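A short write-up of the structure that comes next.
In this text, all values refer to a predicted model and were calculated from it rather than measured experimentally. In this chain, numbering begins with 1 at the start of the sequence shown.
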Amino acid sequence: MLPFLRNAKKVQNAWAMYDWANSVYSLVITSTIFPVYFNSVTKGLSPDDKVDFFGFEIVNTVLYSYSISFSFLIIALISPILSGIADASGKKLQFMKFFAYMGSLSCIALFFFDGSNLEWGICFSILASVGYAGSIVFYNAYLPEITTPDKYDMLSAKGYALGYIGSVILLVVNLLMIQYPSWFLLSDDGMAARFSFLVTGLWWAGFSQIPFRVLPKNPFGKNIRKEFLLQGYREILKVWNEVKQIKVMNRFLASFFFYSMGVQTVMYLAATFGDKELGLPGDQLIMTILIIQIVAIAGSYFFAFISKKYGNKLSLVIMVLVWVGICGGAYYVYTVYEFFVLAFVVGLVMGGIQSLSRSTFSKLIPKNTTDHASYFSFYDVTEKLAIVLGTFSYGFIEQLTGSMRNSALSLGIFFLVGLGFLLLVTIPKKDLDTESV
């Protein structure tokens, strides 16, 4: 660890600004405007809403769901190797830039998607997702390099809070464009939606310049050799062998996997639940998402404060128990006001559990390692596989039972299993020493 990087306010603030830069993608593209736009331009093309994708007939919503799963599978497969290469060559920042630009340029490319070029829209939505997920691996890996363990929780919370604030600001602007396109000299709401994809890409790329200019390029001064590709494989194999020996990390990753299956599924499918089970109109669904985002800002700091006072483990246990209650409550929600209340509680624990999970994992990385990207790749792969399996389970249970309420209730099981593993975890107050685990 380079001493001058620890607690350097400029570096920490710049690092947190990447959350501000990239979080607009997850809100505008993944959660709100793009899914609604995609459905509107592909719906009604056939009696059963099937579309032609590279010669294959498939239902439009199923195609979109599969595209999300496919993108997460791609990054789950390649990120461990890429992070190993980044650690071996000292090119962490360059990889972060590559994926960020891939994602932001793909968002800009979605401006040209109008429904007649389905393959264009799906392919660039996949590339945008891969860019987002790939850049996060290397972004997260900077956390244990730019501050001390006692500040992990608050700095992680700051990043998430900035992300929620920035994404809400841009979403409100985009919604104004869609509701009143003439104010922005746009022809209709379809053009406004496409313009929002362009603005999202520009926001992402533009604000990314702040961390890109300040974050250290090669903080440990590693020699960049021609054989760094082969060395990358060796690096990730070495870290994998270390991870297997660290019981506390194994237990935490197991807990994180199961409760992330629930958290991520709720995040991606909350609006779908409100639409199908409650019949809420689009404006109320978007209002729900705004409630979640705004409350998540307070939740990030609140649970960071709880963790500072009583420890990460207790804070995480409280949040997982609240999530179990959310899953049970969703089964009995029938009115818009009940749904808003549930969204408020989701926002409170969504921000907290995401930021605290990241900072907790940082505390479990051995203090004598410089392979932070490789360690965080295991964290990231765990989360991505949780998304794939969680969303698949949700859809499969709905298909079997005919109701999303049963799917929501079943998510509580994932949280309970995650809680079981979490109770076995002893989170150290200081960095781990590999000799002591």
When the ring planes of W120 and F124 are compared, do they come out parallel, tilted or perpendicular, using 30° and 60° as the limits? tilted
Is the F34 to F197 ring centre distance short of 6.0 Å? yes
Verify whether the ring centers belonging to F258 and F415 lie closer than 6.0 Å. no
Distance-only donor-acceptor check, side chains S129 and S71, under 3.5 Å: yes
Working note: Y142 + W15, criterion ring pair (Phe, Tyr, Trp, His ring centres under 6.0 Å); need CA distance, chi angles, decisive distance, verdict. CA-CA 8 Å; Y142 269 107; W15 176 85; 8.5 Å; no
Could you tell me whether the side chain of N117 and the main chain of F112 form a donor-acceptor pair under 3.5 Å? yes
Under a 3.5 Å distance rule, please check whether K313 uses its side chain to pair with a backbone N or O of L423 as donor and acceptor. yes
Taking S260 for the side chain and F257 for the main chain, is one N or O donor matched with an acceptor at less than 3.5 Å? no
Measure across F212 and A100 and return the closest heavy-atom pair with its distance rounded to 0.1 Å. CZ-CB, 3.7 Å
Considering all heavy atoms, the nearest A16-K158 contact: CB-CG, 4.3 Å
Show the nearest heavy-atom pair for residues A304 and A157, with the distance to one decimal. CB-CB, 4.0 Å
Any chance the side chains of T401 and N406 put a donor and an acceptor closer than 3.5 Å? yes
Evaluate the side-chain proximity of F95 to V137: yes if any heavy-atom separation is below 4.5 Å, no if none is. no
Quick check against the 3.5 Å criterion: does R358 have a side-chain atom that pairs as donor or acceptor with the backbone of S156? yes
Centroid-centroid under 6.0 Å between F339 and Y334 rings: no
Answer yes if the side chains of D19 and Y164 hold a donor-acceptor pair under 3.5 Å, and no otherwise. no
